[in-house]
Amino acid sequence: MNAARDWPAKGSRLAGLLAKLDIQRPEDLVVHLPLRYEDETRLTPIAQALPGETVQIEAEVISCEIARPRRQLLACLRDADGDEIGARWINFYPSLQKQLPPGRRVRLFGEVRGGFFGVEMVHPRLRPVEEGEPLPQALTPVYPTTAGLSQSNLRALVDFALANTTLDDALPADICRRLDLPDFATAVRCLHHPPPDAGARLLAGREHPAWRRIKFEELLVQQLSLRRAYNARRAHGAVSLPPQGTLTDALLRERLPFSLTAAQHRAVAEIAADLAASHPMQRLLQGDVGSGKTVVAACAMLRAAENGWQAALMAPTEILAGQHYHKLVDWLAPLGVDVAWLAGGRRKRARDAELARLRSGECLLAVGTHALIEDPVDLPRLALAVIDEQHRFGVRQRLALREKGIAGLRPHMLMMSATPIPRTLAMTHYADLDVSVLDELPPGRTPIRTRLVSDARREEIVARLKAACLEGRQAYWVCPLIEESEALQLQTALETWETLKAALPALRIGLLHGRLKGEEKAATMAAFAAGDLHVLVATTVIEVGVDVPRASLMVIEHAERFGLAQLHQLRGRVGRGAAQSSCVLMYARPLSETARARLKVIYEQSDGFAIAREDLHIRGPGEFVGARQSGLPLLRYADLEADAAMIDPARQVAEELLANAPEAVDRLLARWLGGREGLLRA
Ligand code: ADP
Ligand code: MG
């Protein structure tokens with residue numbers, strides 16, 4: 001070991017580099033674990049060094065010279081069997097040549113390449129050695145690092161950290177024994193300095209017991225921090241909203257043209273139980289596109305109203321919020337329940353009137369966009385906040401809505417997610433919420449037929465669209481996503497609209513995009529919903545939530561540009577009525593590897609949970625969690641797929657420790673999160 005002598009001083013260059021890796025304290029380095037290992041414990045004969053492999057060879061220098069005109073240092077070396085290899089440096093100090101005089105014995109470590117003149121290594125690591133010099137006994141760790149911070153620097157600092165921090169086990173010994181895990185000190189020492197018998201394969205695959213211990217501890221810490229946040233929020237007071245047997249029951253009995261699915265009944269009951277408590281609900285309602293989350297939210301909102309308290313429903317787009325509003329008014333007006341509407345584009349007079357009705361408490365239900373959380377909106381009796389498509393909102397926006405209620409008490413929170421969340425992700429990253437799942441679609445839906453069609457067949461598709469519309473069907477035509485430029489996307493939408501209008505003069509075709517004024521959007525949506533438009537050309541503004549059961553055909557242009565969740569959401573706009581629906585995914589070649597994988601999944605799968613699992617597999621959890629993640633401990637080592645079997649035990653142990661061993665909880669959180677736990681959103 002060759003430990004650093006001190007921890008770098010605050011403000012020093014080294015401290016700055018470490019900070020880039022989110023390393024503030026020696027403790028952070030103890031759990032800054034190698035990405036991989038290099039095996040310098042063995043020598044490979046040149047004859048067996050295959051291109052593409054990373055190996056160590058020992059050989060004598062035959063020649064070494066600077067080549068021109070492209071200045072490089074070229075060496076030729078020969079090993080004990082008489083085989084030769086080249087070594088090449090494009091950037092080098094003149095002193096390097098002096099280290100390579102003919103006859104000198106060296107060890108080279110690097111990737112072998114098949115060159116024009118036989119095998120070679122480019123920029124190998126070089127070490128002069130004497131004949132018979134012993135090989136290292138441990139694998140060499142390679143750490144995640146940042147420009148300017150060398151591996152040898154990091155290794156020395158890691159050794160300092162291992163020698164100068166307490167590695168005492170925070171996990172009680174009986175739990176380690178029960179789960180057959182090594183203790184913490186053994187695990188981290190092994191991962192930083194794996195003994196030669198550690199098994200390179202187990203280490204590389206992260207299946208070694210030492211890795212299992214670290215991954216378990218990481219999952220455990222995630223559970224602990226999220227459950228602690230959950231308990232802390234639960235410690236607040238909230239208005240108890242017991243069933244009164246009035247409005248909610250009336251909605252279900254008299255107003256709905258359908259009866260709830262078993263899954264909806266279950267969710268309504270789970271929410272009702274939460275709302276009756278005098279601490280705030282923190283529940284996530286998730287279900288596939290079209291599973292009927294809105295009516296569940298409506299039941300919850302009526303529960304507040306029937307107790308004389310306010311409820312607010314916030315949705316990410318004006319179209320979606322507007323649709324919720326109309327649906328609620330349709331259901332609730334005959335019951336004598338008033339709903340206020342708040343969105344960005346409203347005229348001042350109308351808006352002020354709504355604000356006044358809410359401020360006085362005369363109106364109990366409010367629906368809107370983020371306009372709901374703006375300052376002048378006063379909801380003095382807010383007891384329930386529902387957030388649709390919760391992943392579209394930032395932490396701060398969700399908190400702002402929560403702040404609206406009565407001082408000293410917190411509103412109950414119901415979050416809804418349209419993108420199904422795979423079970424493993426729900427159990428880990430959402431462990432601070434209770435979860436209700438709608439795992440069943442309302443009856444009477446016919447499955448959507450999905451087709452993949454090359455855009456070379458565009459005319460054929462336009463002809464089919466025409467035929468379908470003349471038979472009385474309605475269609476969405478989704479314009480390509482252009483991520484780099486909103487202006488370009490808008491232009492494409494306009495062009496598509498013009499072309500379709502010209503090609504299909506017999507049809508009424510509307511256009512919907514994000515730049516339209518609120519009223520224009522609402523008018524276009526209303527016309528489409530009423531059947532006055534055959535085709536709705538739209539950008540992805542229709543992605544979330546739009547519900548027009550009569551529309552049964554969807555064409556998505558450049559489907560290869562969309563993400564899986566997005567395609568699933570878009571496709572979910574059809575198949576909402578009894579008619580056979582189809583979705584045509586038009587794609588343009590060439591298709592990237594990922595695009596191909598995505599299209600295959602969306603073609604083969606219709607179940608949102610299955611698609612979400614594939615999506616998690618393709619993208620990893622980071623993007624999934626999106627806006628939620630600020631301050632959230634993401635997983636660095638544990639993998640939700642490979643380590644799924646550890647999640648349940650981690651949850652159990654977390655509950656056990658929270659109940660019986662608070663000091664162990666403190667130590668675990670301190671070790672992994674340091675001061676960062678405070679960042680966990682409240
Ligand atoms: P999502 O879960 O995607 O938000 P919605 O709440 O928009 O789904 O519901 C989709 C459609 O299904 C709506 O038209 C809604 O009125 C209808 N719906 C909801 N629940 C039922 C049910 N139990 N039976 C029949 N139709 C239902
Ligand atoms: Mg919805």
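When a ligand or atom number is given, it counts from 1 through the structure's own listing order. Starting from 1, each residue takes its place in the sequence as its number.
Here Leu260 has backbone heavy atoms under 4.0 Å from ligand 1, and that is the only part of it that gets that close. Counting heavy atoms under 4.0 Å from ligand 1, residue Met416 does not touch it at all.
Of all atoms in ligand 1, listed by their number and element, those nearer than 4.0 Å to a heavy atom of Gly292 are 1 (P), 2 (O), 5 (P), 6 (O), 8 (O), 9 (O), 19 (C). Under a 4.0 Å criterion applied to the non-hydrogen atoms of Val289, ligand 1 contributes the atoms 3 (O). Listed by atom number, the atoms of ligand 1 under 4.0 Å from Ser291 heavy atoms are 2 (O), 8 (O). In the vicinity of Lys327, heavy-atom distances shorter than 4.0 Å reach the ligand 1 atoms 13 (C), 14 (O), 15 (C), 16 (O). Residue-ligand proximity, Thr261 to ligand 1, at heavy-atom distances under 4.0 Å covers atoms 23 (N). Against a heavy-atom cut-off of under 4.0 Å, Pro442 is close to the following atoms of ligand 1: 20 (N), 21 (C), 22 (C), 24 (N), 25 (C), 26 (N), 27 (C). Counting the atoms of ligand 1 from 1 in the order shown, those under 4.0 Å from a heavy atom of Thr294 are 4 (O), 5 (P), 6 (O), 7 (O).
In plain terms, the two heavy atoms of Pro442 and Thr261 that are nearest each other are CA-CG2, 3.6 Å. The two atoms that bring Arg233 and Arg410 nearest to each other are CG-NH1, 3.7 Å, heavy atoms only.
Between Asp547 and Arg576 a salt bridge is recorded (basic side-chain N to carboxylate O distance below 4.0 Å). A salt bridge links Glu354 with Arg357: the distance from a Lys NZ or Arg NE/NH1/NH2 to an Asp or Glu carboxylate oxygen falls below 4.0 Å. Asp607 has no carboxylate O lying under 4.0 Å from a charged side-chain N of Arg613, or vice versa, which leaves the two without a salt bridge.
Paired with Gln390 under the rule side chain to side chain contact (heavy atoms under 4.5 Å, CB included), one option of Met314, Arg398, Met413 passes, and it is Arg398.
Residue Gly290 places at least one N or O, backbone or side chain, under 3.5 Å from an N or O of ligand 1. Remark: ligand 1 and Trp331 share no N or O pair separated by less than 3.5 Å (distance only, no angle test).
Once rounded to the nearest 0.5 Å, the distance linking CH2 of Trp477 with CD1 of Ile461 reads 6.5 Å.
Ligand 1 is never approached by Gln323 to a heavy-atom distance shorter than 4.0 Å. The closest approach between any non-hydrogen atom of Ser259 and ligand 1 is below 4.0 Å.
Residues His568 and Thr419 form no side-chain contact, since every pair of their non-hydrogen atoms from C-beta on lies 4.5 Å or further apart.
By the side-chain contact (heavy atoms from CB on, under 4.5 Å) test, Ser436 pairs with Ala267, Glu270, Arg283, Leu285, sequence neighbours left out.
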